[in-house]
Peer 1: 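One structure follows; several queries about it will come next.
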Amino acid sequence: MAIERLLTLMNRLRDPRNGCPWDMEQTFRSIAPYTIEEAYEVADAIERNDMGALCEELGDLMFQVVFHSQIAAEQGAFDFDDVVAAICDKMERRHPHVFGEARVANAAQQSLAWEEIKRRERAARSAADTAQSAPSILVDVPRALPALTRAEKLGKRAAQVGFEWPDVGGALDKLDEEIAEMRQELASGTAAADEVAAEIGDVLFCLVNICRYLHIDPEESLRGTNSKFERRFRYVEQRLSEQGRCPQQASLEEMDALWLEGKQLGM
């Protein structure tokens, strides 16, 4: 099997006598940034609809799973088979309408059932780990998530117990309020950098809440804007290059005019 080849390869790379020096030095912590990077590269390949790149990036991401599993096996914590068994058990547990007797009428009902199962799992874990009788609904939202993604998950969790605006209008009003507070801090001229940063964070959190109400993924939305900015700025660079110049040799007004030109061309 192909997976056996990969597991054997990973074992060889970490072999204390004949393995790769770099691979042997790695720890969970040292390779964690690579794991995150590979997940983003998978998302980028999907965004570009590049199936060849997606196949390659999924392989890179799978290698990260095998790498972590190998380190854990060396420490006697768990191995790759345990990882596979755990996810299979979880998926069967969270799909009782497929692997059990439960019934759901549509995807919306399944989403509600999924969240309820996760809520019970969180409560059970919290009860096992602590003596709390009322565990926080936010207990297992990972701190390592990208900030926009974590903000969306925090808001979604709180909304499950009714802590949210009744409609998007309330979220928009809150955004206006936070922008006004940010402007006030900036206008004062005496606000410390961390105070301004806190106000900007409040604005961003409000924007994420608005995305949640509108069923928009904030990370995906920002990635789209990043791509748009890149296309338009490259157009500015290209047009200036045709004139024998670079951006450093152009005024802001000239670059802004070219930016609008690119926008009108659908860049």
Side-chain angles (χ1 to χ4, degrees), residues 36 39-40 43-44 46-48 104-119 122 134-233 235-236 252 255-257 259-267:
I36 296 170
Y40 276 113
D44 179 64
I46 293 171
E47 183 72 20
R48 293 183 286 107
V104 294
N106 51 47
Q109 284 190 12
Q110 164 53 17
S111 294
L112 290 174
W114 177 279
E115 291 300 331
E116 173 58 22
I117 292 170
K118 288 175 65 177
R119 185 195 65 77
R122 287 195 298 271
S136 172
I137 196 171
L138 308 177
V139 68
D140 63 343
V141 180
R143 292 184 177 275
L145 286 173
L148 289 179
T149 299
R150 190 164 193 266
E152 191 272 339
K153 288 186 177 294
L154 289 171
K156 184 178 179 182
R157 287 285 181 84
Q160 290 175 14
V161 295
F163 191 73
E164 67 171 342
W165 302 105
D167 54 48
V168 71
L172 288 167
D173 290 342
K174 184 63 175 176
L175 175 63
D176 290 339
E177 176 187 326
E178 295 297 350
I179 290 176
E181 291 181 6
M182 179 183 67
R183 287 181 178 277
Q184 184 177 355
E185 289 286 357
L186 291 171
S188 71
T190 59
D194 59 341
E195 294 173 335
V196 174
E199 295 299 338
I200 291 174
D202 291 343
V203 170
L204 290 172
F205 196 89
C206 286
L207 284 170
V208 171
N209 261 334
I210 292 169
C211 287
R212 183 170 56 80
Y213 275 103
L214 300 176
H215 306 290
I216 294 171
D217 183 331
E219 288 282 342
E220 182 178 340
S221 178
L222 186 55
R223 281 198 297 270
T225 296
N226 289 342
S227 296
K228 180 169 59 180
F229 179 89
E230 184 177 12
R231 288 194 306 273
R232 290 180 183 172
F233 192 77
Y235 177 81
V236 171
L252 175 59
M255 287 191 286
D256 192 47
W259 176 278
L260 292 175
E261 182 180 301
K263 180 179 180 180
Q264 291 170 355
L265 291 173
M267 295 291 158

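In this chain, residues are counted from 1 in sequence order.
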Peer 1: Tell me if a side-chain donor or acceptor on R232 pairs with a main-chain N or O of G262 at a distance below 3.5 Å.
Peer 2: no

Peer 1: How many angstroms lie between atom CG of N226 and atom CD of E219, to the nearest 0.5 angstrom?
Peer 2: 9.5 Å

Peer 1: With a 4.5 Å limit on heavy-atom distance, are the side chains of D202 and E199 in contact?
Peer 2: yes

Peer 1: Rounded to the nearest 0.5 Å, what's the gap from CG on L207 to CD1 on I216? Could you check?
Peer 2: 11.0 Å

Peer 1: For residues F233 and W259, report the shortest heavy-atom separation together with the two atoms involved.
Peer 2: N-CZ3, 3.8 Å

Peer 1: For residues 161-170, which residue pairs qualify under side chain to side chain donor-acceptor pair (under 3.5 Å), counting only residues two or more places apart or in two chains?
Peer 2: E164-R212

Peer 1: Name all residues meeting the side chain to side chain donor-acceptor pair (under 3.5 Å) criterion together with E185; count only those two or more places apart in sequence or in a different chain, and write none if there are none.
Peer 2: none

Peer 1: Keeping the roles fixed (side chain from R150, backbone from P142), state whether a donor-acceptor pair exists under 3.5 Å.
Peer 2: yes

Peer 1: Let me see the working for N209 and K174 under side chain to side chain contact (heavy atoms under 4.5 Å, CB included), right down to the final yes or no.
Peer 2: CA-CA 10 Å; N209 261 334; K174 184 63 175 176; over 6 Å; no

Peer 1: Within a reach of under 6.0 Å around CZ of R183, are more than 12 heavy atoms found that belong to other residues, nucleotides or ligands?
Peer 2: no

Peer 1: If I take atom CZ from residue F205 and atom CG from residue L148, how far apart are they, to the nearest 0.5 angstrom?
Peer 2: 11.0 Å

Peer 1: From R223 CZ over to D44 CG, what is the distance, rounded to the nearest 0.5 angstrom?
Peer 2: 8.5 Å

Peer 1: When rounded to the nearest 0.5 angstrom, what is the spacing between CG in L260 and CD in Q264?
Peer 2: 6.5 Å

Peer 1: Working to the nearest 0.5 Å, report the span between CE of M182 and CG of L175.
Peer 2: 9.0 Å

Peer 1: The test is side chain to side chain contact (heavy atoms under 4.5 Å, CB included); show your working for Q160 and I137 and say whether it passes.
Peer 2: CA-CA 9 Å; Q160 290 175 14; I137 196 171; 3.6 Å; yes

Peer 1: Evaluate the side-chain proximity of E261 to Y235: yes if any heavy-atom separation is below 4.5 Å, no if none is.
Peer 2: yes

Peer 1: Looking at A158 and L138, what are the two nearest heavy atoms and their distance?
Peer 2: N-CD2, 4.4 Å

Peer 1: With sequence neighbours left out, write down each residue that passes side-chain contact (heavy atoms from CB on, under 4.5 Å) with S227, or none if nothing qualifies.
Peer 2: R231

Peer 1: Can you tell me if E181 has over 12 outside heavy atoms packed within less than 6.0 Å of its CD?
Peer 2: yes

Peer 1: Could you walk me through whether K156 and E152 pass salt bridge (Lys or Arg N to Asp or Glu O under 4.0 Å), step by step?
Peer 2: CA-CA 6 Å; K156 184 178 179 182; E152 191 272 339; 5.2 Å; no

